[in-house]
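Computed from heavy atoms alone, side chains included, the values below leave out hydrogens, waters and symmetry copies. Just so it is clear: chains get the letters A, B, ... in the order the sequence lines come, proteins before strands, and each one is counted from 1.
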Amino acid sequence: MQIPSFYEQVYEVVRLIPKGRVMSYGGVARQCGRPGRARAVGYALHMLQAGTRVPWWRVINSYGRISIPDPEAAELQRQKLTEEGVVLDEHLRTDMRKYDAEMVVYEKLRRRRREGVRGS
DNA sequence: CCAATGACCGTAA
DNA sequence: GTTACGGCCATTG
């Protein structure tokens, strides 16, 4: 297949974030092999439609906070995370040291690469 | 092609 | 703790 589009890479990585864990936009960009493209990651997630299988709510900013301008979407994200056991304080902030899944995703990608990647 | 926009990030004060 | 700035770059007009 062709080189995955940036979007597809982003969605692929986000899909690897385990339930109950989170990852920063920058972290997703790094695991896509595109460090520094955090903004583009946000743009990609912004494009997702309702009902997508991509767990977009597990992506927050490096400050550990929900970073969605739209209040409704932000509330939905807070709800989703709480359901999964992610604790958020009154400022919608969470402890990244505790929930960051970047290393987990890194290991998954590393193993996948070792076993050889074939069509989804 | 150029300019503006944005669910970002790191650093500095 | 806060605000400000420069840098980042995919997408859109």
- Message: Please list, in numerical order, the residues of residues 13-27 of chain A that have a heavy atom closer than 4.0 Å to any atom of DNA chain B.
- Response: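 Residues of residues 13-27 of chain A under 4.0 Å from DNA chain B: A:Ser24, A:Tyr25, A:Gly26.
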- Per-nucleotide protein contact string for nucleotides 4-13 of chain C (B base, S sugar-phosphate only, - none; heavy atom under 4.0 Å): ---BBSSSS-
- Summary of side-chain hydrogen bond (donor to acceptor under 3.5 Å, both in side chains) pairs that have at least one residue in residues 40-50 of chain A, sequence neighbours excluded: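 Qualifying pairs: none.
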Set of residues satisfying side-chain contact (heavy atoms from CB on, under 4.5 Å) with respect to [X], sequence neighbours excluded:
X        : answer
A:Leu48  : A:Tyr11, A:Leu45, A:Thr52, A:Val54, A:Trp56
A:Ala38  : A:Tyr25
A:Arg113 : A:Leu109

- Item | Residues from residues 92-109 of chain A lying under 4.0 Å of DNA chain C - heavy atoms |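 When residues 92-109 of chain A is checked for heavy atoms under 4.0 Å from DNA chain C, the hits, listed by number, are A:Arg93.
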Can you measure [X] atom [atom1] to [N] atom [atom2] for me and round it to whole angstrom units?
X       : N     : atom1 : atom2 : answer
A:Ile68 : B:dA7 : CD1   : C1'   : 5 Å
A:Trp56 : B:dA7 : CH2   : P     : 13 Å
A:Arg58 : B:dA7 : CZ    : C1'   : 17 Å

- Could you pull out all residues at least two apart from A:Arg21 that satisfy salt bridge (charged side-chain N to carboxylate O under 4.0 Å, His left out)? none
- Using side-chain hydrogen bond (donor to acceptor under 3.5 Å, both in side chains) as the criterion, list what pairs up with A:Tyr63, not counting sequence neighbours. A:Arg93
Donor-acceptor contacts, no H, no angles, side chain residues 97-104 of chain A, under 3.5 Å, sequence neighbours left out:
unit_1: A:Tyr99; atom_1: OH; unit_2: A:Val87; atom_2: N; d: 3.2
unit_1: A:Asp100; atom_1: OD1; unit_2: A:Glu102; atom_2: N; d: 3.4
unit_1: A:Glu102; atom_1: OE1; unit_2: A:Arg30; atom_2: NH2; d: 2.9
unit_1: A:Glu102; atom_1: OE2; unit_2: A:Arg30; atom_2: NE; d: 2.9
unit_1: A:Glu102; atom_1: OE2; unit_2: A:Gln31; atom_2: NE2; d: 3.0

- Item | Pairs involving residues 52-63 of chain A, ordered by first then second residue, that meet salt bridge (Lys or Arg N to Asp or Glu O under 4.0 Å) (sequence neighbours left out) |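 Every pair satisfying salt bridge (Lys or Arg N to Asp or Glu O under 4.0 Å) with a residue in residues 52-63 of chain A: A:Arg58-A:Glu84.
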- Message: Checking the side chain of A:Arg78 only, and the main-chain atoms of A:Leu92 only, is there a donor and an acceptor separated by less than 3.5 Å?
- Response: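 No, the answer is negative, given that no donor and acceptor are paired below the 3.5 Å cut-off.
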- Task: Check for a donor-acceptor pair, side chain of A:Arg37 on one end and backbone N or O of A:Pro35 on the other, with a separation under 3.5 Å.
- Result: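 Flag set: sc A:Arg37 to bb A:Pro35 pair under 3.5 Å.
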- For residues A:Met96 and A:Ser62, report the shortest heavy-atom separation together with the two atoms involved.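 Scanning both residues, the minimum pair turns out to be CG-O, 4.3 Å.
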- Query: Do A:Ile17 and A:Val105 touch side chain to side chain, with heavy atoms closer than 4.5 Å?
  - Reply: yes
What protein N or O atoms touch nucleotides 10-13 of chain B N or O atoms at under 3.5 angstrom, if any, and at what distances?
none

- Query: Which residue, A:Val59, A:Asp70, A:Thr82, A:Ile66, forms the side-chain contact (heavy atoms from CB on, under 4.5 Å) with A:Gln77?
  - Reply: A:Ile66
